[in-house]
Asker: 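Okay, here's the structure, questions in a sec.
All ligand and atom numbering here is 1-based and tracks the order in the structure.
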Amino acid sequence: MKDRIQDANFPKTEDGRVYHLGIRAGEVANRIITVGSISRAEGIAKMLDASPKIFSLYSERGFLTITGCYKSIPVSIVCIGMGAPNADFFIREVRECLSGDMLVIRLGSCGCLTDLPVGSLVLPASSVACTRNVDFDFASCDPWDVPYRLSKPVSADPDLHEALRDALDATRPPSLKNLIVPNAVNASTDSFYSSQGRQTSFQDHNASLIDHLKAAVPGLTTLEMETFWIFHLAASWRGVKTSSSAVNPPLATVPVVPAFSGIPSRTREKAEVLLSSLDEDTSSRPVIRAAAAQMVFASRSSQAFIGPEQVTELEKWSGRGVLEALSKFDVTPERLHPVSGSVWESMEHSNPVKALL
Ligand code: R1P
């Protein structure tokens with residue numbers, strides 16, 4: 001770390017760069033495609049407009065942000081690596097750098113629990129989280145507890161989901177017959193191994209996990225590691241900043257029922273004021289919309305794994321489809337980040353096509 005950081009609550013450098021992604025306002029666009037691998041990000045970046053030169057920032061913590069224009073619309077490609085904590089850094093730090101709406105499409109790989117062939121494109125309409133229960137005694141197997149926990153489902157943004165399906169249909173190369181499966185159900189896990197039911201040298205007590213998951217979640221099709229947290233943060237963001245002193249529910253060491261009756265009365269009054277003010281004028285509040293396209297790399301039923309040539313053609317098609325979905329998705333100008341001072345301001349000036357519009 002070279003820079004002086006201000007504010008321990010939301011750490012930023014003196015010039016406004018967020019701590020882990022390293023970007024600041026004006027370097028990330030409202031329309032974002034997020035991926036797990038650098039090569040996927042760089043492959044999609046090749047589809048951006050040739051002129052002007054794109055902005056690219058590789059942070060010390062391994063996040064890569066690429067911002068450019070696709071058909072003259074500002075878009076960003078953000079490579080976040082793997083897992084829920086990185087998805088959390090990504091959503092929160094990008095949100096902090098943006099004014100207006102945030103449109104996020106995750107383009108990731110996944111394992112498939114049904115008999116879909118590798119190379120299929122699955123679009124989850126909802127996702128659940130499956131996490132390792134760290135209170136379970138994995139060494140000696142506790143008969144009174146469960147080794148894995150399953151969350152309630154959270155939905156994708158229905159409009160962005162539909163736009164993504166249409167764009168993937170429209171951009172399909174004639175030679176590719178791969179299936180597109182919309183309205184699917186995904187589970188995001190906190191481990192590639194343990195909570196995805198893989199057998200390793202660890203005592204994970206997960207031999208029947210996939211059967212349990214399929215029985216508990218109707219329509220469950222894919223397993224991966226980020227979608228749930230992206231959908232969950234998108235759905236739970238309320239579009240305003242809250243004071244950290246506004247609501248302080250107590251910590252608990254046992255399961256709790258969320259209820260305001262458990263909050264001291266003065267805090268309850270503050271919470272009620274805060275929530276009622278949030279309910280006004282919801283239409284003008286910025287939103288986070290999230291959707292996902294998941295490329296089936298592994299079939300957990302046949303044990304097949306996709307080959308490198310198929311990955312190349314699938315990423316090319318789906319990358320193009322996601323860029324089309326994002327760029328065509330209607331966002332009114334007042335819901336977009338200001339052009340002034342952004343990296344796409346210079347793009348506008350140096351792009352004669354855009355200047356004429
Ligand atoms: C595991 O191999 C990784 O691949 C999947 C999982 O969600 C996890 O991040 O996604 P990406 O291909 O986008 O990284």
Side-chain angles (χ1 to χ4, degrees), residues 20-21 32-45 58 61-66 76-91 94 104-113 116 118-124 126-132 151 154 156 164 168 178 181 184-200 204 206 209-210 213 220-234 290-300 303-308 310-319 321-323 326:
H20 306 91
L21 270 69
I32 303 152
I33 170 170
T34 180
V35 300
S37 75
I38 300 276
S39 63
R40 195 178 307 149
E42 289 175 343
I44 297 165
Y58 190 57
R61 296 290 187 154
F63 293 90
L64 172 65
T65 304
I66 299 169
S76 289
I77 304 157
V78 184
C79 177
I80 66 171
M82 294 178 277
N86 278 9
D88 190 88
F89 282 125
F90 157 66
I91 291 281
V94 167
V104 180
I105 296 180
R106 167 175 153 74
L107 176 59
S109 64
C110 69
C112 186
L113 301 180
L116 289 173
V118 295
S120 301
L121 270 179
V122 178
L123 279 48
S126 66
S127 178
V128 297
C130 172
T131 50
R132 185 175 169 99
S151 77
V154 62
L164 178 57
L168 288 166
N178 310 41
V181 184
V185 183
N186 160 256
S188 296
T189 64
D190 59 350
S191 164
F192 179 78
Y193 295 100
S194 146
S195 40
Q196 289 191 9
R198 289 189 165 88
Q199 304 305 299
T200 72
D204 288 323
N206 62 354
L209 176 60
I210 287 182
L213 282 174
L220 181 62
T221 306
T222 54
L223 291 178
E224 48 74 89
M225 299 178 65
E226 296 83 14
T227 295
F228 173 85
W229 283 276
I230 292 172
F231 286 6
H232 170 70
L233 286 173
Q294 301 176 335
M295 302 170 284
V296 176
F297 276 17
S299 167
R300 299 299 302 279
Q303 306 304 330
F305 208 93
I306 197 168
Q310 212 181 348
V311 169
T312 304
E313 58 189 15
L314 187 58
E315 288 188 341
K316 205 169 169 188
W317 165 32
S318 54
V322 174
L323 287 171
L326 285 170

Asker: Can you list the atoms of ligand 1 that are under 4.0 Å from a heavy atom of Gly36?
Answerer: 13 (O), 14 (O)

Asker: Pick one: which of Arg132, Gln199, Arg198 meets side chain to side chain donor-acceptor pair (under 3.5 Å) with Asp204?
Answerer: Arg132

Asker: Under 4.0 Å from a heavy atom of Ser109: which atoms of ligand 1 are those, numbered in the order shown and with their elements?
Answerer: 4 (O), 5 (C), 10 (O), 11 (P), 12 (O), 13 (O)

Asker: Go through ligand 1 atom by atom and flag the ones less than 4.0 Å from a non-hydrogen atom of Glu224.
Answerer: 7 (O)

Asker: Apply salt bridge (charged side-chain N to carboxylate O under 4.0 Å, His left out) to Arg40 and list each qualifying residue two or more places apart in sequence or on a separate chain.
Answerer: Glu315

Asker: Given Arg40, Glu315, Met82, Glu226, identify the one with the heavy atom nearest to atom 6 (C) of ligand 1.
Answerer: Glu226

Asker: Which residue and atom name correspond to the protein heavy atom nearest atom 1 (C) of ligand 1, and how close is it?
Answerer: Phe192 CD1, 3.7 Å

Asker: Go through the structure and list residues passing salt bridge (charged side-chain N to carboxylate O under 4.0 Å, His left out) with Asp190, not counting sequence neighbours.
Answerer: none

Asker: When the ring planes of Phe305 and Phe297 are compared, do they come out parallel, tilted or perpendicular, using 30° and 60° as the limits?
Answerer: perpendicular

Asker: Would you mind listing which atoms of ligand 1 come within a distance below 4.0 Å of any non-hydrogen atom of Met225?
Answerer: 6 (C), 7 (O), 8 (C)

Asker: Looking at Gly108, which atoms of ligand 1 are within less than 4.0 Å of one of its heavy atoms?
Answerer: 13 (O)

Asker: So, 4.0 Å and heavy atoms of Arg106: is ligand 1 close enough to count as a contact?
Answerer: yes

